[in-house]
Amino acid sequence: MRKLRLGVMISGSGTNLQALIDACAAADYPATIEVVISNRPNVRGLERAEQAGLKAVTIDHKAFDDKESFEDALHECLSDHKVELVCLAGFMRLLTAGFVNRWRDRMINIHPSLLPSYKGLHTHARALEDGVRFAGCTIHYVRPEMDNGPIVMQAAIPIASDETEESLIAKTLTYEHKMYPAAVRLIAEGKARVSGNKVAFKDVDLVMPGLISPLP
Ligand code: GAR
């Protein structure tokens with residue numbers, strides 16, 4: 001089976017990276033992780049990569065004079081490993097339009113909200129503050145505007161009456177970990193591809209019951 005070559009970019013704990021590592025361990029999973037890049041040294045995600053026997057590279061943004069040279073180093077590392085799809089997994093540096101366009105339609109991101117609501121930081125706290133009944137998470141192709149781009153997969157997560165920021169973060173992560181491997185599989189199998197500003201699906205069942213919260 002031909003496998004899609006992934007490069008995973010992280011900045012921290014790497015639990016989404018771990019979900020991808022675990023998925024890639026299955027012989028029939030259609031992708032492999034060729035390199036893991038962290039912009040922060042000594043993070044837990046790098047340990048996870050090393051424990052899995054993967055190539056783990058630190059490209060510390062603080063070691064570069066400007067953003068362009070940092071991004072040139074990222075680009076070179078991804079290219080050296082013949083990466084076909086970049087997976088941003090808790091990568092917390094904003095990327096310039098130049099870098100994003102070099103990887104256009106070949107780079108996806110996971111964000112802890114039901115986009116286009118709650119772009120940016122502190123998504124869970126802001127959703128709780130607003131009293132929305134659904135939080136969520138989204139996997140999308142990356143465009144130069146932050147937390148924007150064609151949507152591959154989303155989870156709508158009902159907010160419980162006793163929800164706290166901590167419980168919502170934990171609950172959201174469980175959905176993120178289910179979604180990231182599933183979304184990469186759709187892309188690798190050619191079942192999800194960018195068409196204009198949306199993702200077009202082939203042989204994917206999109207019919208599901210709606211969710212109402214609280215129950216009527
Ligand atoms: C995840 O919740 C991810 O959605 C979020 O950072 C966390 C990383 O966790 N990403 C963003 O907020 C990007 N804007 P992880 O390092 O354990 O995968």
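We count ligands from 1, going down the list as the structure has it; atoms in each ligand are counted the same way. Sequential numbering from 1 along the given sequence is applied to the chain's residues.
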task: Could you tell me whether ligand 1 has any atom less than 4.0 Å away from a heavy atom of Ile10?
output: no

- prompt: Is there a heavy atom of Met92 sitting under 4.0 angstrom from any atom of ligand 1?
  reply: yes

Indicate whether any N or O donor in one side chain lies under 3.5 Å from an N or O acceptor in the other, for [X] and [Y].
| X | Y | value |
| --- | --- | --- |
| Tyr141 | Asn109 | no |
| Ser69 | Asp66 | yes |
| Thr96 | Glu71 | yes |
| Asn148 | His140 | no |
| His111 | Thr123 | no |

statement: The atoms of ligand 1 lying under 4.0 Å from a heavy atom of Pro112, numbered in the order shown, are 4 (O), 5 (C), 10 (N), 11 (C), 12 (O)

field: Sub-4.0 Å atoms of ligand 1 with respect to non-hydrogen atoms of Glu176
entry: 1 (C), 2 (O), 3 (C), 4 (O)

query: Would Lys67 count as a cation-pi partner of Phe70, with NZ or CZ less than 6.0 Å from the six-membered ring centre and within 45° of the ring normal?
result: no

Looking only at protein heavy atoms, identify the closest one to [atom] and say how far it is in Å.
| atom | result |
| --- | --- |
| atom 6 (O) of ligand 1 | Gly90 CA, 3.8 Å |
| atom 14 (N) of ligand 1 | His111 ND1, 3.4 Å |
| atom 10 (N) of ligand 1 | Ile110 O, 3.6 Å |

task: Report yes or no: do Ile151 and Ile157 belong to one cluster of Ile/Leu/Val/Met/Phe/Trp/Tyr joined by side chain heavy-atom distances under 4.5 Å?
output: no

message: With a 4.0 Å cut-off on N to O distance, would you call Asp80 and Lys55 a salt bridge?
response: no

query: For atom 17 (O) of ligand 1, which candidate among Ile139, Val8, Leu173, Thr15 holds the nearest heavy atom?
result: Thr15

query: Evaluating non-hydrogen atoms only, which member of Ser113, Ser11, Gly12, Gly14 is closest to atom 16 (O) of ligand 1?
result: Gly14

query: Given that the side chain starts at C-beta and the backbone is N, CA, C, O, which of these parts of Leu121 lies under 4.0 Å from ligand 1, counting heavy atoms, or is it both or neither?
result: neither

message: Pairs of nitrogen or oxygen atoms closer than 3.5 Å, one from Asn16 and one from ligand 1: do any exist?
response: yes

